Amino acid sequence: FLPGAIRPALAAAQRFIDNLRPSDMVGVYVFPFERPRIDITHDHAAVKAALTHLVGRRERAIGQFHLTASEIIDITANDGDTFERVVSRECNIRTVGLRDETCPDQVRAEAGSLGAMYENEAAQRLYGLGVAVQDLGVLPGRKTLVLLSEIGRAHV
């Protein structure tokens, strides 16, 4: 989550906990993490209190161009139509009507570096989820995993 964007998700998680039965166990598993740890408890109030201490730590990627996540994916996959559309939008110099000839290379380089950064973040998230599922697998009984994420609303 971006700083400040986490509050609505935390409020939803607290409402979810309010609807659990007293016999239901609950825990908070934050990732990315320094060391994975799942603490499961019947103390719903303690978990709700723990949620109030969470903050968004994701940083917005800064780039020279206004690339969306889908444009980054398409450009790194060599989609020529997307690349030309982005170059047309980002590289035309409006004052003289000419295009900076180095701009297309800069667009491709930025898309490549942002794409690599997002792939690395995705790998970290998948690893974190894998650790959580593995840790939950040793506990007997049925489990429900609720994932709070801002990723669906991300804009580069």
Side-chain angles (χ1 to χ4, degrees), residues 1-17 19 26-40 47-139 143-156:
F1 287 91
L2 290 170
I6 197 170
R7 292 289 165 227
L10 295 179
Q14 289 173 328
R15 286 190 305 274
F16 177 83
I17 292 169
N19 289 307
V26 66
V28 177
Y29 181 74
V30 178
F31 71 96
F33 43 73
E34 292 178 14
R35 61 194 152 129
R37 192 177 95 234
I38 294 183
D39 291 324
I40 305 293
V47 172
K48 286 176 61 176
L51 289 172
T52 65
H53 300 292
L54 299 180
V55 295
R57 298 185 319 178
R58 186 171 66 88
E59 295 179 18
R60 193 177 294 276
I62 298 173
Q64 176 181 356
F65 304 107
H66 303 92
L67 302 175
T68 65
S70 63
E71 289 171 339
I72 291 168
I73 292 167
D74 291 345
I75 291 169
T76 58
N78 294 317
D79 180 324
D81 292 337
T82 300
F83 180 69
E84 285 304 317
R85 185 176 66 254
V86 170
V87 166
S88 176
R89 180 187 74 220
E90 299 291 332
C91 296
N92 288 330
I93 300 172
R94 288 175 173 69
T95 56
V96 292
L98 299 173
R99 185 163 85 184
D100 175 359
E101 295 305 317
T102 63
C103 185
D105 291 336
Q106 293 171 2
V107 167
R108 191 175 302 281
E110 185 170 305
S113 66
L114 289 173
M117 181 186 75
Y118 289 134
E119 283 182 23
N120 182 43
E121 288 178 0
Q124 288 177 6
R125 288 183 187 103
L126 287 174
Y127 170 76
L129 280 174
V131 170
V133 169
Q134 190 174 31
D135 286 353
L136 288 171
V138 301
L139 299 173
K143 296 141 205 91
T144 300
L145 178 65
V146 177
L147 175 67
L148 303 179
S149 173
E150 184 189 24
I151 301 305
R153 299 176 356 139
H155 185 284
V156 180

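Keep in mind that what you see is a predicted model, and the values were worked out from it rather than measured.
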*Option among V138, V131, L139 that satisfies the side-chain contact (heavy atoms from CB on, under 4.5 Å) test with D135*: V131
_Heavy-atom pair with the smallest gap, counting every atom of P104 and C91_ = N-SG, 3.9 Å
*Heavy-atom side-chain contact between H53 and L10 under 4.5 Å*: no
*With side chains defined as the heavy atoms from C-beta onward, is the minimum distance between V26 and K48 less than 4.5 Å?*
no
*What distance do E110 atom CD and I75 atom CD1 have between them, rounded to the nearest 0.5 Å?*
9.0 Å
*asked:* According to side chain to side chain donor-acceptor pair (under 3.5 Å), who are the partners of S70, at least two apart in sequence or on a separate chain?
replied: T68
_Between L136 and I40, is the side-chain contact (heavy atoms from CB on, under 4.5 Å) condition met? List the steps._
CA-CA 9 Å; L136 288 171; I40 305 293; 4.3 Å; yes
*Working to the nearest 0.5 Å, report the span between CD of E121 and CG of L126.*
12.0 Å
*To the nearest 0.5 Å, how far apart are CD in Q134 and CG in L129?*
12.5 Å
*From Q14 CD over to N19 CG, what is the distance, rounded to the nearest 0.5 angstrom?*
12.5 Å
_Working to the nearest 0.5 angstrom, can you tell me the gap between Q64 CD and Q106 CD?_
5.0 Å
*Pairing residues for D105 by the side-chain contact (heavy atoms from CB on, under 4.5 Å) criterion, not counting sequence neighbours*: none
_Taking side-chain contact (heavy atoms from CB on, under 4.5 Å) as the criterion, tell me which of N78, T76, V86 meets it with R108._
N78
*Looking at A13 and L51, what are the two nearest heavy atoms and their distance?*
CB-CD1, 3.9 Å
*asked:* Looking at every heavy atom in both Y118 and I72, which two are closest together, and how far apart are they?
replied: CE1-CD1, 3.9 Å
*Residue pairs passing the salt bridge (charged side-chain N to carboxylate O under 4.0 Å, His left out) test where at least one lies in residues 64-82, sequence neighbours excluded*: E71-R89
*asked:* Any heavy-atom pair between the side chains of F16 and V146 that's under 4.5 Å?
replied: yes
*For the pair S88 (side chain) and E84 (backbone), establish whether a donor and an acceptor sit closer than 3.5 Å, ignoring hydrogens and angles.*
no
